[in-house]
Asks: 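The structure under discussion is supplied below as structure tokens; questions concerning it will follow.
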Protein chains: 2
Amino acid sequence: MSDTAASDAKIHLEGRLEPRDGWRAETCTIARTLDVLRTKSAMLVIREAFYGAERFDEFVARTELSEPVVAARLRELVADGLLERTSYREPGQRARQGYALTAMGADLFPALAALMQWGERWLGPSGVRLEHHGCGAPLTVELRCEAGHTVASSGDIGLARAPRGSR
Amino acid sequence: MSDTAASDAKIHLEGRLEPRDGWRAETCTIARTLDVLRTKSAMLVIREAFYGAERFDEFVARTELSEPVVAARLRELVADGLLERTSYREPGQRARQGYALTAMGADLFPALAALMQWGERWLGPSGVRLEHHGCGAPLTVELRCEAGHTVASSGDIGLARAPRGSR
DNA sequence: CGGCATCCTTAGGGATACTG
DNA sequence: CAGTATCCCTAAGGATGCCG
């Protein structure tokens, strides 16, 4: 196998799927998602939320972003519904505020994992890896169809109009 | 199930995994990957490569980015090894230049698919969907461990030091 | 057709200092 | 501790025009 996947990397477009069918511009899901995840700093804040950060300074210290930037990202991510404010009181301590992933935010994990997997593969190993907790086996991101097939190549994928009412 | 996944969304850090173990800053794979995929425009160019764009103006028209931006992204993506320049000659036509995904670029598909899946789920449907070509069943991005378990929640995931020499 | 040069505007982000 | 306010710099990106 050569270094190039060239034309066989393209996905198959059903019929003559055209722009207004929803695969482009404002309607494109990739573009819409990137509008929420806007910046690298947003991704890093999300990453640290997965890694256990809760308080403002934890995010600042661990993302290595400046305070104003972290404040802005936290505000936006809360507004967008990916994080929510929490407040908890440890016994004998004063109340603390914090941030936690919502279900919407937590559901970003496969995307983060996919980016990590790509980076490990093509930019070199980082020294850590994701694993199934308890089982201990290394984790991979896979594309599978509902018929149960594992889909290894983007050339085996098609883009089609979604049936009405499907999720 | 409430709207919040809160603390159970956090992944488990093995032992006292610390910054210099490679899960942060310059060594963090997420950060390194985002340094390559830097901007939204880069992602859109990649997206169009998957959707079949090859020539300069196809990228310009279909991403709805300006020419200088597309030119810059194409140059960078070629330099980074995600795209490569091609040249082909249709019968009776003069030679044309183009761009195609390399294996490295094509391997980004799971990450794009994960972003699409998240957007469809949380930002609303776009009208199109990915499917297994030929089989026709809808496609999903899944986290699976090498022992074969499907991992549904980020709370079931751990981050551990990678064994020496493992990929 | 496939760009590059120039100019301009906006957004992202750091540093520092300050406040409830 | 959890931010804001201010200032400043750089990067991202659009518009326009030119060029091999």
Side-chain angles (χ1 to χ4, degrees), chain A residues 24-26 28 30-32 34-49 52-80 83-100, chain B residues 24-26 28 30-32 34-49 52-80 83-100:
Chain A
R24 275 209 310 123
E26 338 69 62
C28 165
I30 304 267
R32 287 185 298 148
L34 294 175
D35 281 336
V36 174
L37 265 37
R38 202 165 304 241
T39 61
K40 180 178 165 181
S41 57
M43 301 281 272
L44 298 184
V45 167
I46 297 279
R47 180 197 68 187
E48 288 308 326
E54 290 183 13
R55 300 200 329 276
F56 182 77
D57 3 344
E58 291 179 317
F59 284 102
V60 172
R62 294 159 64 160
T63 57
E64 295 180 338
L65 296 166
S66 67
E67 292 171 355
V69 170
V70 171
R73 287 305 88 77
L74 288 173
R75 205 180 325 115
E76 294 161 9
L77 290 170
V78 167
D80 288 337
L83 295 179
E84 62 181 357
R85 305 193 64 121
T86 60
S87 111
Y88 53 96
R89 181 185 300 269
E90 286 165 13
Q93 306 281 333
R94 59 189 176 80
R96 287 174 176 279
Q97 309 160 60
Y99 297 87
Chain B
R24 277 210 310 123
E26 337 67 64
C28 164
I30 304 267
R32 285 185 297 148
L34 293 176
D35 281 337
V36 174
L37 263 39
R38 201 164 305 243
T39 60
K40 179 177 165 181
S41 57
M43 302 281 271
L44 298 184
V45 167
I46 297 279
R47 180 197 69 186
E48 287 307 327
E54 292 182 11
R55 300 200 330 276
F56 182 77
D57 2 343
E58 289 179 320
F59 284 102
V60 172
R62 294 160 64 160
T63 58
E64 296 180 339
L65 295 166
S66 66
E67 291 170 355
V69 170
V70 171
R73 288 305 89 77
L74 289 173
R75 205 183 323 114
E76 294 160 10
L77 290 170
V78 167
D80 288 336
L83 295 179
E84 62 181 359
R85 305 194 63 123
T86 60
S87 113
Y88 54 96
R89 181 186 300 271
E90 287 165 12
Q93 307 282 330
R94 59 190 176 81
R96 287 175 174 278
Q97 310 160 58
Y99 298 86

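Below, chains carry the letters A, B, ... as their sequence lines are ordered, and counting in each starts from 1.
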Asks: Heavy-atom distance under 4.5 Å between the side chains of B/Arg47 and B/Leu44, does that happen here?
Replies: yes
Asks: Would you please test A/Val78 and A/Arg85 for side-chain contact (heavy atoms from CB on, under 4.5 Å) and show each step?
Replies: CA-CA 7 Å; A/Val78 167; A/Arg85 305 193 64 121; 4.3 Å; yes
Asks: Just how far, in rounded Å, is P of C/dG2 from CD of B/Glu54?
Replies: 11 Å
Asks: Give one of base, sugar-phosphate or nothing for B/Tyr99, where a contact means two heavy atoms less than 4.0 Å apart.
Replies: sugar-phosphate
Asks: Between atom CG in A/Asp35 and atom P in C/dT10, what is the gap in whole Å?
Replies: 18 Å
Asks: Please assess A/Val45 against A/Leu83 for the test side-chain contact (heavy atoms from CB on, under 4.5 Å), listing each intermediate value before the final yes or no.
Replies: CA-CA 10 Å; A/Val45 167; A/Leu83 295 179; 4.2 Å; yes
Asks: OP1, OP2 of C/dG3 versus side-chain N and O of B/Arg75: anything below 4.0 Å?
Replies: no
Asks: How long is the line joining CZ of B/Arg96 and P of C/dC1, in whole Å?
Replies: 7 Å
Asks: How close or far is atom P of C/dC1 from atom CG of B/Leu74, stated in whole angstroms?
Replies: 16 Å
Asks: Take nucleotides 8-20 of chain D nucleotide by nucleotide from the 5' end and write B, S or -, depending on whether a protein heavy atom sits under 4.0 Å from the base, only from the sugar-phosphate, or from neither.
Replies: ----SSBBBB---
Asks: Could you give me the CA-CA distance, side-chain angles and deciding distance for B/Glu67 and B/Phe56, then say whether side-chain contact (heavy atoms from CB on, under 4.5 Å) is met?
Replies: CA-CA 9 Å; B/Glu67 291 170 355; B/Phe56 182 77; 4.1 Å; yes
Asks: Taking the side chain of B/Arg55 as its heavy atoms from C-beta onward, which of C/dG3, C/dG2, D/dC1 lies nearest to it?
Replies: C/dG2
Asks: For D/dG3 and A/Arg85 - does any side-chain N or O of the residue sit under 4.0 Å from the phosphate oxygens OP1/OP2?
Replies: yes
Asks: Carefully, step by step, assess A/Ile46 and A/Met43 under the rule side-chain contact (heavy atoms from CB on, under 4.5 Å).
Replies: CA-CA 5 Å; A/Ile46 297 279; A/Met43 301 281 272; 5.6 Å; no
Asks: Check whether any side-chain N or O of A/Arg38 sits under 3.5 Å from a backbone N or O of A/Asp35 as a donor-acceptor pair, and report yes or no.
Replies: yes
